[in-house]
Amino acid sequence: MSPDSVHTALYARHRAVMPDWLATYYRAPIELTHGEGRHVQDAEGRRYLDFFGGILTTMTAHALPEVTRAVAAQAGRVLHSSTLYLSRTAVELAERVARLSGIPDARVFFTSSGTEATDTALLLATAHRRSNQVLALRNSYHGRSFSAVGVTGNSAWSPTSLSPLQTYYVHGGVRTRGPFAHLTDAEFTAACVADLEDVLGQTAGPVAALIAEPVQGVGGFTSPPDGLLAAFRRVLDRHGILWISDEVQTGWGRTGDHFWGWQAHAQAGPPDLLTFAKGLGNGLSIGGVVARAEVMNCLTAGSISTFGGSPVTTAGALANLTYLLEHDLQGNARRVGGLLLTRLRAVAAGSPLVREVRGRGLMIALELVRPGTGEPWGAAATEVLEAAREGGLLLGKGGREGNVLRIAPPLTLTVAEAEQGAAILAAALDRAGRRLDEEAVR
């Protein structure tokens, strides 16, 4: 089989057995077969600079030797045991996560994914408060399961309106669009707090929790002004409502300024519950919930997890977390991310497709619109994604209209790689713009 037909043949097999709704990137989807550092290689031998890390999951580096060795060593001893047995690596990892969380008297429950972490947090909050009413932010995304979809305020990722929860959506997740976009940060915060108060006046009885991403991931890396969630917390506390911080994409120092996204709103102290996943395992399937003991221990029935906190995933996650802390990758995200953000803003200034460049650390977005308008243009993002891949750069995409390019490389990204990625993206914007112009003429 010729190299050019490898992906075509595999995609045909994929389509024959996988669901139609299972999204893939690119008109001709690719298989990634190798990775090292910040680069990956596909099945046809093409090499790419990876600016998306498997959806913010390859947090430190591809094939990080420390993680690879830890996984191999543990796999050679025992692969699986379940939570019915003690696990030294799970206990050690839980101890470290509890300390890092900032939550007092913290307890940790490991899951296999961020979606399952959301489910667990919602179960704990609703059981503790004896209410199925939940607050969530507009434009939010918290996972693909039935309950997670029930608190997802993004229509592009909400396949059903059915839910076990009564969810109320409040303003605050998107700063530069919507009815409050024209306000100052202080006025924006006040308006969102007033909206929250108004919504709470319409609920039937107690509300269990507010679940919020400090930076909305799938929503397009949008975020409120610093301090908004602290202002929300003051309202929540008056009503006894719990705060769940969804740190699946913002945790572990990715935003540079803070180790957790909630710390940009730290005036209110830590959340009651914190969910995590993705980057901790550097590609291994691990997630979890941190909560105050009072909340975590509120369940009256016993439970276990077959795969949550397995020996292999916790061994790999421990090695990954150790590497991240010892090499100050949060600091690298702040320094290199700041440089990359500056470069991309300079690139955007020359492109009529870009409405806004936003982000913190190594969590950056470019919002694309039809030139001369503020109209979201998903086709432009698709075209730039294709052009960037052709140039050797892998990006992500998001936003309700699919018009936002998401940039979230491994946190070991070097200055040279940031410069290279910015240059490829500049060329991709130019190439995509010309293609879109040509299509408009036809």
Side-chain angles (χ1 to χ4, degrees), residues 53-60 67 83 89-104 106-125 140-145 148 151 209 211-218 229 242-256 258-266 270-292 295-296 305 307-310 313-325 329-330 333 361-363 408 410-411:
I55 320 178
L56 292 85
T57 300
T58 305
M59 179 168 68
T60 48
V67 173
T83 56
T89 53
V91 170
E92 290 176 359
L93 182 60
E95 289 171 339
R96 298 192 74 176
V97 171
R99 286 196 301 270
L100 289 166
S101 73
I103 295 175
R107 299 294 187 272
V108 180
F109 178 76
F110 291 116
T111 67
S112 300
S113 69
T115 290
E116 192 185 344
T118 295
D119 278 338
T120 303
L122 292 170
L123 170 65
L124 291 168
S140 59
Y141 176 84
H142 298 285
R144 57 168 179 76
S145 67
V151 292
I211 184 168
E213 304 158 274
V215 179
Q216 295 185 327
V218 171
L229 294 177
L242 302 175
W243 171 24
I244 304 169
S245 187
D246 181 338
E247 301 278 355
V248 168
Q249 297 196 31
T250 51
W252 318 112
R254 175 162 291 280
T255 64
H258 306 101
F259 194 78
W260 303 106
W262 69 260
Q263 290 170 322
H265 311 268
D272 299 291
L273 301 96
L274 177 155
T275 61
F276 62 86
K278 289 191 182 289
L280 177 61
N282 202 45
L284 297 165
S285 297
I286 189 168
V289 179
V290 189
R292 290 187 287 110
V295 177
M296 183 67 82
S305 179
F307 293 109
S310 79
T313 57
T314 51
L318 265 173
N320 190 49
L321 183 56
T322 298
Y323 185 92
L324 177 135
L325 295 171
L329 296 194
Q330 177 185 340
L362 286 172
M363 194 172 185
L411 302 188

Can you list the residues that meet the side chain to side chain contact (heavy atoms under 4.5 Å, CB included) rule with [X], with sequence neighbours excluded?
X    : answer
Y323 : T60, L64, E66, H327, L329, T412
A266 : W262
A117 : T111, T275, V289

Indicate yes or no: at least one non-hydrogen side-chain atom of [X] is less than 4.5 angstrom from one of [Y].
X    : Y    : answer
F259 : L325 : yes
M363 : Q249 : yes
P270 : S101 : no

When you look at CD1 of I55, are more than 12 heavy atoms from neighbouring residues, nucleotides or ligands closer to it than 6.0 Å?
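Incorrect, the count does not exceed 12.
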Any residue meeting ring-ring contact (aromatic ring centres under 6.0 Å, His included) with F276, in chain and number order, not counting sequence neighbours:
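With sequence neighbours excluded, F276 shows a ring-ring contact (aromatic ring centres under 6.0 Å, His included) to W252, given in chain and number order.
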Under the ring-ring contact (aromatic ring centres under 6.0 Å, His included) test, residues paired with F109 that sit two or more places apart
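Expected list: none.
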Looking at [X] and [Y], what are the two nearest heavy atoms and their distance?
X    : Y    : value
G316 : V67  : O-CG2, 3.9 Å
A125 : A209 : CB-CB, 3.8 Å
A148 : T118 : CB-CG2, 4.0 Å
R144 : T115 : N-OG1, 3.2 Å
L273 : A121 : CD2-O, 4.0 Å
T313 : G309 : OG1-C, 4.0 Å

For [Y], does its backbone N or O pair with a side-chain atom of [X] as donor and acceptor, under 3.5 Å?
X    : Y    : answer
T83  : S305 : yes
R107 : A291 : no
E213 : S140 : no

side-chain contact (heavy atoms from CB on, under 4.5 Å) between T89 and L93, worked out
CA-CA 6 Å; T89 53; L93 182 60; over 6 Å; no
Would you kindly say whether T250 and E247 are connected by a side-chain donor-acceptor distance under 3.5 Å?
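Checked: T250/E247 side chains pair up, N/O donor to acceptor below 3.5 Å.
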Not counting sequence neighbours, which residues clear salt bridge (charged side-chain N to carboxylate O under 4.0 Å, His left out) with R292? List them please.
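Applying salt bridge (charged side-chain N to carboxylate O under 4.0 Å, His left out) to R292 gives D272, E294.
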Looking at CD of E92 and CG of L318, how far apart are the two atoms once the value is rounded to the nearest 0.5 Å?
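So the CD of E92 and the CG of L318 are separated by 6.0 Å.
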Quick one: CG on N282 to CG on L324, what's the gap to the nearest 0.5 Å?
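Those atoms lie 9.5 Å apart.
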One pair to check against side-chain contact (heavy atoms from CB on, under 4.5 Å): T255 and Q263. What are the steps and the verdict?
CA-CA 10 Å; T255 64; Q263 290 170 322; over 6 Å; no
Test log, rule side-chain contact (heavy atoms from CB on, under 4.5 Å), inputs L280 and N320:
CA-CA 7 Å; L280 177 61; N320 190 49; 5.5 Å; no
